[in-house]
Amino acid sequence: MDEKLLKPYDPKETESRIYKLWEKSGFFNPDVCIEKGIIKSNAEPFSIVLPPPNVTGNLHTGHALMLVIEDIMTRYARMQGKKTLWLPGTDHAAIATQSKVEKLLEKEGIRKNDIGREEFLKRVEKYAKDSHDIIVNQAKTMGASLDWSREAFTLDEKRNLAVKTAFKQMYDDGLIYRGNRMVNWDPKGQTVISDDEIIYEEKKGKFYTFKYGPFKIGTARPETKFGDKYVVMHPDDKRYKDWKHMQKITVEWINGPIEATIIKDEIIDMEFGTGVMTITPWHSHEDFALAEKYKLDKEQIIDKYGKLLPIAGEFAGMKIGDAREKIVEKLKTKGLLVSIDENYVNRVATAERSNGVIEPQIMLQWFVDVNKKIPSRNNKSLKELMLEPVRDRKIKIIPEHFKKVYFHWIENLRDWCISRQIWYGHRIPVWYKGNEIYCGLETPTDKEWKQDEDTLDTWFSSGLWTFSTLGWPEKTKDLKTYHPTSVLETGHDILFFWIARMILMSQYLLGEIPFKSVYLHGMIRTADGKKMSKSLGDKAIDPLDIIKKYGNDALRMAMIIGNTPGNDLKLNENDIRGYKKFTNKIWNASRFVIEQTKDFDILNLPNLDEEDEKSNQELQKLVAEISKEMDEFRFSIAAEKIYHYFWHTFADIIIERSKIKILKNQNALSAKTLLYTHLNILLKILHPFIPFVTEEIWSIIKKRDKDDLIMVAKWPIKNDNY
RNA sequence: GCGCGCUUAGCUCAGUUGGUAGAGCAACGCAUUUACACUGCGAAGGCCGGGGGUCCGAGUCCCUCAGCGCGCACCA
């Protein structure tokens, strides 16, 4: 008997050893599997690209969940004999990484402008490299069967070529344009961000009502009101029927009298406040739209550091936060303050990464036009290209109801602002010389050309991920074989950020979908339902701690059972402890079977008696059911069924029954045969879920040649790939 | 305001086209030189959020109300 079997199962020792064994086999790489004759060269392909973790530190439970689900899909496909590729990579995560490094430098008393762009980027790259190494090691600890030989980075050379190629094509097609538009300026991060990178926070604040000539107007932001010279009301509002559209009046305002113009527009909600408002076109999306409509003047009030400009008169140079009360005070002494509502709840737009309060501004930036018709794509717009494959079910979203959320987002989509005023990222491939603009893959040789200072939104490069990782823009064999990818598995929180952008890019650049199915998992929560965010500190579960305590297999089971697509999962340690018991149960049952069948001629198995044959057929039925559940992405149910069968049928009934048969020597051979075949099949169907313990037992049972790993064993049901 | 979910045993959640309510954990009773106490056997526990409808039949489909969560928009 193998010595290991004399001791209880020790996941800690086993898991790292087993992962090395897998890596050494090379079977994570489908090319190796073909070379060694494990997989047919014409087998059906199966591919997943790993959603690349940001190089901003450690893996958290969300990553762990993603790795578990994708590893299950991958291992299942590989065992089915498919040409299986799970492609790893990391994301440079422009803003997130840069701001992290900025914070670290701050602790050393260094500001990025002190050391300059080049030196700063060196620091970021060092940090990114370190994070990358940690992440890769953690992914390996999780047992992820990723093909490391194909690893990619969103900011490496090949991906940079893909980004430039994509940018140029979109530029040439007029889909990327530069223009003065209303953007979301983050004064803290000193960059613009896209609509999707904004988080709205409800904050209780004051709502002021001021006298504005004959009207009363309300505002939560008095500091923006200096330039307000248009006063808007609804054309049907009887209270103001005597005032005419475009009528001019003189009103006393913050810094003296100004000439105001009356605007009548249906945008006004007559029920809200007094039904009258003034507008600030430079600092509000809606006011901007109104100003465009009536060709009104626009004036900047706040600069990009959040300070008031000379238009504010005596308040110029003050930070808006400091100026507010003083402005109100002045209006009060002038007798223009009507009332203050202290209980006004405002939704404040803040930047996802820097937490800075967004200040809408008109700025010269680069945008992707989502509405322009594209001749090379049947005159469809990017919006339509994103919409169609989901609507026509070419891309299946699991769970399906997220489709509606997706459509809703597309309907409200505005042009995508892709330029960022940060240093870390793909530099915009555009050069300027006087009034000339050049966009291309190569830097112009003439030194007078100056490259655009900005970098691209990180999601621009992530959008190319399904094909940039496979070698695009080159027409590689990988691209031909593995694209469109089979499944894209990720959290539902990045449906818009990422999934939508991948569909956009793939549809436009390749004319095909990026993936056939999208599997959206829920967010992991703590046992009391809180989000597992960094702010939780010690209360957050660190997947690596869990693995140390209970083993990876136990964590995997806890993350899969009870976890259905789209729904959040409360992870509690008690459950994980329970699944640790399960791995031990498997270990002990195997120990018994191995001992009973050690001097067994596996090539010459006797027939089963009637009772055992019935059990055999029951297992066949189970295998068929499990396969169906797996094919339909119901991993939770599949795992639960196997768990239940192993424990309460195989261990509690079949093994117990066999003891009697063996002891009484009645049909003992039949019993042993059943034990042997059952264990073999059960280990295989358990393997995608709990790869380590099953591989370890497999190695003890077999003791054949070194290539005989359960990770490439044939799934115990017939299919076309074998 | 518009949209999307969730509400099932004490807790965490399954429940695929409608056909007699399920699991894990917890709690309860019994057993125990067994591959395994990281065990076994047993019993208990639910007007499936409220109301209405369709149907021979509804946890499941439709309407409606409520509580919770999330997304989007508006917020002068």
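Reckoned from all heavy atoms, side chains included, excluding hydrogens, waters and symmetry mates. Within every chain, numbering begins at 1; the chains are lettered A, B, ... in the order of the sequence lines, protein sequences first and strands thereafter. Everything numeric in this text was worked out from a predicted model, so none of it was measured.
- For A/V405, counting side-chain heavy atoms from C-beta on, the closest listed nucleotide (B/G15, B/A35, B/C4) is B/C4.
- Remark: A/Y344, A/R347 in residues 339-352 of chain A come within less than 4.0 Å of RNA chain B through at least one heavy atom.
- Of the possible donor and acceptor atoms, none in the side chain of A/Q596 sits under 3.5 Å from a partner among the backbone N and O of A/S658.
- Side-chain nitrogen and oxygen atoms of A/S636 include none within less than 4.0 Å of the OP1 or OP2 phosphate oxygen of B/A14.
- One can place CZ of A/F650 at 17 Å from C1' of B/G40, the figure rounded to the nearest angstrom.
- Here A/E15 pairs with nothing under the side-chain hydrogen bond (donor to acceptor under 3.5 Å, both in side chains) rule; sequence neighbours left out.
- Legend: salt bridge (charged side-chain N to carboxylate O under 4.0 Å, His left out) pairs involving residues 550-559 of chain A, not counting sequence neighbours, sorted by first then second residue: A/D71-A/R556.
- The stretch residues 271-280 of chain A comes close to RNA chain B through A/F272, A/M277, A/T278, each having a heavy atom under 4.0 Å from the strand.
- Taking only side-chain atoms of A/I637, from C-beta outward, the nucleotide of B/A14, B/G71, B/A35 with the closest atom is B/A14.
- Within 4.0 Å of A/D652, counting heavy atoms only, lie sugar-phosphate atoms of the nucleic acid but no base atom.
- In this model, no donor atom of one side chain and acceptor atom of the other lie less than 3.5 Å apart for A/N346 and A/K204.
- Separation of the C1' atoms belonging to B/G67 and B/G49 is 8 Å when rounded to the nearest angstrom.
- Residue A/T564 is in sugar-phosphate contact alone, with no base atom involved, counting any heavy-atom pair closer than 4.0 Å across all strands shown.
- Residue A/K570 is in sugar-phosphate contact alone, with no base atom involved, counting any heavy-atom pair closer than 4.0 Å across all strands shown.
- At a threshold of 4.0 angstrom between heavy atoms, the contacts of A/H401 are confined to the sugar-phosphate backbone, with no base atom among them.
- If you measure from atom CD1 of A/I654 to atom C1' of B/G40, you get 17 Å, rounded to the nearest angstrom.
- Pairs engaging residues 275-291 of chain A under the salt bridge (charged side-chain N to carboxylate O under 4.0 Å, His left out) rule: none recorded [sequence neighbours left out].
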Is there a salt bridge (charged side-chain N to carboxylate O under 4.0 Å, His left out) between A/R393 and A/E400 once you walk through the steps? CA-CA 10 Å; A/R393 294 166 190 272; A/E400 198 167 321; 3.6 Å; yes
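- Comparing B/U33 with B/C28, their C1' atoms sit 27 Å apart, to the nearest whole Å.
- For the P atoms, the distance from B/G45 to B/A23 is 14 Å, rounded to whole Å.
- One finds a side-chain N or O of A/K404 lying less than 4.0 angstrom from the OP1 or OP2 phosphate oxygen of B/G5.
- Remark: the A/S194 side chain and the A/E197 side chain contain an N/O donor-acceptor pair separated by less than 3.5 Å.
- Using atom P as the reference point in both B/U64 and B/G71, the two lie 25 Å apart (nearest Å).
- For the pair A/E632 CD and B/U17 P, the computed distance is 11 Å after rounding to whole Å.
- Heavy atoms of A/R577 sit nowhere under 4.0 angstrom from any nucleic acid atom.
- Remark: A/D237 engages A/R239 in a salt bridge (charged side-chain N to carboxylate O under 4.0 Å, His left out) (not counting sequence neighbours).
- Nearer to the 5' terminus of RNA chain B, by closest-nucleotide assignment, is the contact made by A/G566 (compared with the other of A/G566 and A/E629).
- In this structure, A/E400 atom CD and B/U17 atom P are separated by 12 Å, rounded to whole Å.
- Residue pairs satisfying the salt bridge (charged side-chain N to carboxylate O under 4.0 Å, His left out) criterion with at least one member in residues 488-501 of chain A, sequence neighbours excluded, are listed as follows: A/D196-A/R501.
- Straight-line distance between the P atoms of B/C48 and B/A21: roughly 11 Å, to the nearest whole Å.
- Within 3.5 Å, no donor on the side chain of A/E286 pairs with an acceptor on the base of B/A73, nor the reverse.
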Can you give one letter per nucleotide of nucleotides 20-25 of chain B, going 5' to 3': B for a protein heavy atom under 4.0 Å from the base, S for sugar-phosphate only, - for none? ---SSS
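- Sorted by first then second residue, the salt bridge (charged side-chain N to carboxylate O under 4.0 Å, His left out) pairs that include residues 562-576 of chain A, not counting sequence neighbours, are A/R525-A/D568, A/K549-A/E573.
- Between A/D568 and A/F402, the residue anchored nearer the 5' end of RNA chain B, judged by the nucleotide with its closest heavy atom, is A/F402.
- A side-chain donor from one of A/Y76 and A/D631 sits under 3.5 Å from a side-chain acceptor of the other.
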Dot-bracket pairing map - RNA chain B, Watson-Crick plus G-U, both contacts under 3.5 Å, | cross-strand: (((((((..((((.....[..))))..((((.......))))......(((((..]....))))))))))))....
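- Residue contacts shown for A/N563 are absent, as no nucleic acid heavy atom lies under 4.0 Å away.
- Of the N and O atoms on the side chains of A/H492 and A/Y519, not one donor lies less than 3.5 Å from an acceptor on the other residue.
- In this structure, the side-chain hydrogen bond (donor to acceptor under 3.5 Å, both in side chains) partners of A/R324, at least two apart in sequence or on a different chain, are A/E223.
- The base of B/C36 lies close enough to the side chain of A/K585 for a donor and an acceptor atom to sit less than 3.5 Å apart.
- For A/E411 and B/C4, the CD to C1' distance is 13 Å, given to the nearest whole Å.
- Aromatic pair A/F215/A/Y240: centroids less than 6.0 angstrom apart.
- Atom CD1 in A/I561 sits roughly 11 Å away from atom C1' in B/C13 (whole-Å rounding).
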In a table with atom names and distances, give each donor-acceptor pair under 3.5 Å that connects a side chain of residues 659-666 of chain A to protein atoms at least two apart or in another chain.
from, atom 1, to, atom 2, distance (Å)
A/K659, NZ, A/E656, OE1, 3.3
A/K659, NZ, A/E656, OE2, 3.0
A/K661, NZ, A/D609, OD2, 2.7
A/K661, NZ, A/E611, OE1, 2.9
A/K661, NZ, A/D612, OD1, 3.1
A/K661, NZ, A/D612, OD2, 3.1

Under the criterion salt bridge (charged side-chain N to carboxylate O under 4.0 Å, His left out), I'd like the reasoning laid out for A/E359 against A/R221: C-alpha separation, chi angles, the key distance, then a yes or no. CA-CA 12 Å; A/E359 193 57 66; A/R221 305 199 53 194; 2.9 Å; yes
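- Remark: P of B/G3 and CG of A/N412 are 12 Å apart, rounded to the nearest angstrom.
- Note: CD (A/E625) to P (B/A14) measures 20 Å, nearest angstrom.
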